[in-house]
Amino acid sequence: MTLEQLRAAVRRIPRGKVATYGDVAKAAGFPGAARQVVWALQKAGATLPWHRVVGAGGRIRLPGEAGFEQRARLASEGVKFQGEKIPMKQFAFDFRRRKASPAKASRTPG
DNA sequence: ACTGTGACGGGGC
DNA sequence: CGCCCCGCCACAG
């Protein structure tokens with residue numbers, strides 16, 4: 001688990017999309033190493049879009065202010081929240097995909 | 001080497 | 001949805 005691997009994965013997350021720690025770990029080549037993602041993520045600090053990494057189910061795992069900021073950053077990118085979590089079905093980024101899906105333009109998103 | 005800890009994830013009740 | 005348990009890997013004491 002190296003920072004380069006993490007950056008490579010985290011940086012792949014496009015704006016307006018999010019990925020779970022587990023997904024990032026897998027994408028980085030370390031399936032099951034979600035906890036290590038946290039470790040590397042901290043080491044990397046703001047050198048990457050850390051706010052696009054959330055917990056399973058689209059839940060913000062960052063406590064206090066940091067969590068508040070992450071939520072704000074995501075919202076600023078167009079990521080909607082369903083209560084305290086993000087509707088992953090719609091905002092989860094698929095690393096296997098070469099390009100983000102051209103999300104259909106729903107006239108009644110809700 | 002052993003134990004405790006963490007921005008985690010999945011399963012069972 | 002809350003609670004508990006286990007698996008996972010790397011770091012800190």
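Chain identifiers are assigned alphabetically (A, B, ...) following the order of the sequence lines, protein sequences preceding nucleic acid strands; residue numbering begins at 1 within each chain.
- Using a 4.5 Å cut-off on side-chain heavy atoms (C-beta onward), A/P49 and A/I13 make no contact.
- Under the side chain to side chain contact (heavy atoms under 4.5 Å, CB included) criterion, A/A44 pairs with A/T47, A/L48, not counting sequence neighbours.
- Residues forming a side chain to side chain contact (heavy atoms under 4.5 Å, CB included) with A/Q82 (at least two apart in sequence, or on another chain): A/P87.
- Both A/K85 and A/F30 lie close to DNA chain C; mapped to their nearest nucleotides by heavy-atom distance, the more 5′-ward contact belongs to A/K85.
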Extract all donor-acceptor atom pairs below 3.5 Å that involve side chains of residues 34-41 of chain A and protein atoms in other chains or at least two apart in sequence.
none

Return the polar atom pairs (N/O with N/O) between nucleotides 11-13 of chain C and the protein under 3.5 Å, or none.
none

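- A/F95 is linked by a ring-ring contact (aromatic ring centres under 6.0 Å, His included) to A/F93, counting only residues two or more places apart in sequence or in another chain.
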Could you list the donor-acceptor pairs under 3.5 angstrom formed by side chains in residues 68-80 of chain A, with sequence neighbours left out?
| from | atom 1 | to | atom 2 | distance (Å) |
| --- | --- | --- | --- | --- |
| A/E69 | OE2 | A/R73 | NE | 2.9 |
| A/E69 | OE2 | A/R73 | NH2 | 3.2 |
| A/Q70 | NE2 | A/H51 | O | 2.9 |
| A/Q70 | NE2 | A/V53 | O | 2.7 |
| A/E77 | OE1 | A/G16 | N | 3.2 |
| A/E77 | OE1 | A/R52 | NE | 3.0 |
| A/E77 | OE2 | A/H51 | NE2 | 2.8 |
| A/E77 | OE2 | A/R52 | NE | 3.2 |
| A/E77 | OE2 | A/R52 | NH2 | 2.9 |

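- A/K17 is not listed as a side-chain neighbour of A/D94, based on a closest heavy-atom distance of 4.5 Å or more.
- Within residues 58-77 of chain A, no residue has a heavy atom under 4.0 Å from DNA chain C.
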For nucleotides 6-9 of chain C, list the nitrogen or oxygen atoms of the protein found under 3.5 Å from its nitrogen or oxygen atoms, one pair per line.
| from | atom 1 | to | atom 2 | distance (Å) |
| --- | --- | --- | --- | --- |
| C/dC9 | O4' | A/Q36 | NE2 | 2.4 |
| C/dC9 | O2 | A/Q36 | OE1 | 2.4 |

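- In summary, contact between chain A and DNA chain B, defined as any nucleotide atom under 4.0 Å from a heavy atom of the protein, begins and ends at B/dG6 to B/dG10 in the 5' to 3' direction.
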Throw together a table of side-chain donor-acceptor distances under 3.5 angstrom for residues 18-30 of chain A, partners on residues two or more places apart or in other chains.
| from | atom 1 | to | atom 2 | distance (Å) |
| --- | --- | --- | --- | --- |
| A/T20 | OG1 | A/D23 | N | 3.1 |
| A/T20 | OG1 | A/D23 | OD2 | 3.2 |

